[in-house]
Amino acid sequence: MKIVVGEGSCGIAAGAQKVRKALERENLNGAVLTIAGCVGMCYLEPIVDIYEDGKEVKRLVRVTEQDTAKIAKYAQTGDEKEIEALLVSDEDREFLNKQTRIALKRCGIINPEEIDDFVQAGGYSALKKAVTEMTPEEVIEVIKVSGLAGRGGAGFPTWFKWNAARQSEGEEKYLICNADEGDPGAFMDRAVIESDPHNLIEGMLIGAYAIGAKNAVVYVRAEYPLAIKRLERAIKQATEAGYLGDNIFGTDFSCRMTIKAGAGAFVCGEETALIESLEGHRGMPRLKPPFPAQSGYWRKPSNINNVETFANVGWIINNGGEAFAAMGTEGSKGTKVFAVTGKIKRSGLVEIPMGKTLRDVIFDIGGGIKDGKEFKAVQMGGPSGGCIPASLIDTVIDYKALGATGAIMGSGGMVVMDESTCMVGMAKFFLDFTAKESCGKCIHCRIGTTRMLEILTRITKGEGKEGDVELLEELCYGIKDGALCGLGQTAPNPVLTTIKYFRDEYDAHINGKTCPAGECSDLISYYVDEAKCKGCTLCAKGCPVDAISGSVKNPHAIDTEKCIKCGKCFSVCRFGAIVKR
């Protein structure tokens with residue numbers, strides 16, 4: 001028997017390490033205790049899997065330190081009643097059963113800190129096949145046949161970038177992985193590195209072989225300490241095992257790999273800004289051309305792909321480009337990983353073939369909206385993306401279809417919103433992010449996003465005026481046309497899509513001085529419905545500014561002059577007596 005504790009960042013945050021340490025103190029009857037990364041069911045963490053004869057037989061969810069004695073008892077007796085209350089439900093199992101996993105194939109299954117687990121699961125076989133049986137041109141051709149496009153957001157054909165770098169003159173070339181995952185709500189790349197770091201290394205080595213690079217660099221955000229720690233360990237193990245270094249698999253191919261921890265600037269997700277940061281400069285985009293394939297890192301030919309792109313490469317080499325291309329749509333091949341968050345029942349990592357719909361992800365896999373509320377919109381592509389309304393829930397997930405809505409695929413962030421979400425406030429949230437993250441190099445982005453944020457802030461405070469929406473649109477198109485890099489060119493997307501699909505909410509804020517969703521604090525007030533108030537005093541006890549008065553078992557009242565509109569009373573009231581207007 002093997003007992004596996006899921007120790008990705010989400011699991012650790014939920015208490016997985018405490019669970020493992022508690023299990024270490026128990027009598028497990030000879031069972032092997034080990035760890036894995038994130039399996040993707042983040043909403044059920046901490047997760048403990050029990051394996052027998054190499055197969056998972058039990059999945060235990062929301063495990064606490066107090067539950068470890070039950071697990072130990074099961075290990076001793078085999079009596080399922082001991083752990084019955086912890087078993088994952090059949091409904092929750094569908095979360096994974098309805099996915100098709102390639103990039104996430106081993107995530108949450110193998111121990112990310114042990115190279116032997118990766119090798120036993122078929123790891124490094126694709127690298128061996130590529131460097132011993134194929135020419136670099138043949139590797140690029142397989143990637144071309146697969147239709148693999150960059151999973152970092154732009155969706156540019158991977159083979160084309162590899163081929164351009166290979167054909168560039170020069171002995172010194174660089175292969176770079178962009179792991180600077182900066183989108184709010186996105187954690188796909190982090191999960192891959194934490195859970196299956198050797199998969200990234202293998203994909204990068206195949207890419208390095210294809211373009212003729214002897215040096216590979218992973219640019220990862222410093223806010224991912226666990227990912228960096230496990231990747232460092234994986235690089236050391238791969239080097240000691242001969243998968244990294246000189247004469248890999250006895251061939252002439254040699255490659256070394258290093259890690260650069262970035263300072264967390266969102267603009268460094270743009271490849272030339274990333275290169276500037278790698279070289280020790282401030283992360284600001286370069287003018288193109290020349291493109292990185294001709295003049296990149298240290299002005300040498302360079303290729304940059306993101307983590308998920310490289311995570312698909314090994315599978316494609318082993319299974320053939322045709323197998324990957326058989327999944328997806330005509331213009332978008334293979335699978336895509338999404339980080340599904342927000343007002344959804346089952347949040348976590350979802351990998352599906354392109355061609356599925358938003359409904360498939362949000363309702364079929366994600367289980368629908370929390371607390372029985374109505375689905376309102378989904379933000380696709382992070383701050384660079386757009387809000388897709390409920391009326392377009394059957395939109396197909398591929399680059400073209402999502403682009404037609406005004407959103408983008410992006411790196412895979414998917415933030416689900418319900419009826420309580422203010423769309424003007426949501427646009428303001430993302431504009432606030434991009435305005436702060438603008439590198440300031442070009443005036444359109446630096447000044448334009450700031451002016452837009454000022455207008456949106458006024459609107460959410462009830463100070464909007466006639467013509468504000470038209471001015472926002474004018475600024476949006478000016479920034480799109482004039483910005484130097486992708487950050488500025490896409491920053492207006494959340495504003496444009498919310499205006500397009502939720503213009504009535506802008507009008508309500510500007511003309512009616514009301515927030516239909518009841519979310520903008522400057523436009524709402526809280527009152528007590530005396531007919532419903534039971535005088536339980538919970539609201540008064542929870543009020544941080546003592547704005548609520550009243551005696552036990554008698555109706556209470558809110559002093560609107562004192563009220564700071566934090567909403568604490570609304571959330572704690574059990575009788576629906578607090579009214580938000």
Side-chain angles (χ1 to χ4, degrees), residues 102-103 123-152 154-168 170-180 189 192-193 196-220 231 234-235 238 243-245 248-249 251-260 271 274-275 278 291-294 296-297 300-321 324 333-334:
I102 293 178
Y124 290 119
S125 60
L127 175 62
K128 183 178 181 180
K129 178 180 178 181
V131 302
T132 63
E133 300 177 23
M134 304 170 70
T135 65
E137 289 77 14
E138 287 172 336
V139 171
I140 292 173
E141 181 62 25
V142 170
I143 299 300
K144 180 179 181 179
V145 170
S146 74
L148 177 65
R151 297 301 195 242
F156 199 76
T158 302
W159 78 270
F160 191 92
K161 293 179 72 172
W162 287 17
N163 192 53
R166 173 149 194 87
Q167 292 182 350
S168 292
E171 287 295 316
E172 190 177 0
K173 298 180 181 180
Y174 291 92
L175 184 99
I176 301 168
C177 174
N178 179 357
D180 188 54
D189 293 350
V192 170
I193 300 174
D196 196 6
H198 287 282
N199 188 27
L200 171 60
I201 293 172
E202 182 175 32
M204 289 184 68
L205 285 171
I206 294 169
Y209 173 70
I211 73 169
K214 295 180 181 179
N215 292 284
V217 184
V218 182
Y219 184 95
V220 58
L231 186 58
I235 289 172
Y243 299 117
L244 264 170
I248 297 170
F249 286 110
T251 67
D252 293 334
F253 173 56
S254 301
C255 187
R256 286 171 172 76
M257 189 173 292
T258 56
I259 298 172
K260 164 70 175 178
E271 58 183 10
L274 183 153
I275 290 170
L278 269 180
F291 294 93
Q294 286 77 45
Y297 189 36
K300 304 294 183 182
S302 307
N303 179 86
I304 303 177
N305 292 113
N306 89 319
V307 174
E308 187 186 339
T309 307
F310 286 123
N312 283 294
V313 170
W315 189 94
I316 292 170
I317 295 298
N318 274 332
N319 294 275
F324 191 82
K333 303 296 186 184

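Looking at residues two or more places apart in sequence or on another chain, you find no salt bridge (Lys or Arg N to Asp or Glu O under 4.0 Å) involving Asp180. Taking the side-chain hydrogen bond (donor to acceptor under 3.5 Å, both in side chains) definition, one finds that Trp162 meets it with Asn305, sequence neighbours left out. Applying the side-chain hydrogen bond (donor to acceptor under 3.5 Å, both in side chains) criterion to Thr309, with sequence neighbours excluded, gives Asn306. Applying the ring pair (Phe, Tyr, Trp, His ring centres under 6.0 Å) criterion to Phe253, with sequence neighbours excluded, gives Tyr209. Residues meeting the side-chain hydrogen bond (donor to acceptor under 3.5 Å, both in side chains) test with Glu271, sequence neighbours left out: Lys161. With sequence neighbours excluded, the residues forming a side-chain hydrogen bond (donor to acceptor under 3.5 Å, both in side chains) with Ser125 are Asn318, listed by chain and number. For the ring pair (Phe, Tyr, Trp, His ring centres under 6.0 Å) test, residues two or more places apart in sequence or in another chain that qualify with Tyr297 are Tyr174.
With Met204 as the fixed residue, the side chain to side chain contact (heavy atoms under 4.5 Å, CB included) test singles out one of Leu244, Leu175, Val307: Leu175. Checking each of Asn312, Asn319, Ile316, Asn199 against Ile102 for a side chain to side chain contact (heavy atoms under 4.5 Å, CB included) leaves exactly one that passes, namely Asn312.
Applying the salt bridge (charged side-chain N to carboxylate O under 4.0 Å, His left out) test to residues at least two apart or on different chains, the pairs with a partner in residues 124-145 are Glu137-Arg166. Sorted by first and then second residue, the pairs that involve residues 305-315 and meet salt bridge (charged side-chain N to carboxylate O under 4.0 Å, His left out), not counting sequence neighbours, are Arg151-Glu308, Glu308-Lys336.
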Solution key, residues 210-220 side-chain donor-acceptor pairs under 3.5 Å, sequence neighbours excluded:
from	atom 1	to	atom 2	distance (Å)
Tyr219	OH	Ser277	OG	2.7

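Rounding to the nearest 0.5 Å places SG of Cys255 at 5.5 Å from CG of Leu205. Rounded to the nearest 0.5 angstrom, Ile176 CD1 and Phe310 CZ are separated by 9.0 Å. Rounded to the nearest 0.5 Å, atoms CG (Leu231) and CD1 (Ile201) are 5.5 Å apart.
Distance alone, capped at 3.5 Å, is enough to place a donor-acceptor pair between the Lys173 side chain and the Ala165 backbone. A donor-acceptor distance shorter than 3.5 angstrom exists from the side chain of Thr158 to the backbone of Leu148, with no hydrogens or angles considered. Between the side chain of Ser168 and the backbone N or O of Ala293 there is at least one donor-acceptor pair closer than 3.5 Å. The closest donor-acceptor contact from the side chain of Glu202 to the backbone of Tyr124 lies under 3.5 Å.
Smallest separation of non-hydrogen atoms from Val192 and Ala311: CG1-CB, 4.2 Å. The minimum heavy-atom distance linking Ala179 with Ile193 is given by the pair CB-CD1, 3.9 Å.
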### Query
Could you go step by step and tell me if Leu200 and Cys177 meet the side-chain contact (heavy atoms from CB on, under 4.5 Å) rule?
CA-CA 9 Å; Leu200 171 60; Cys177 174; 3.8 Å; yes
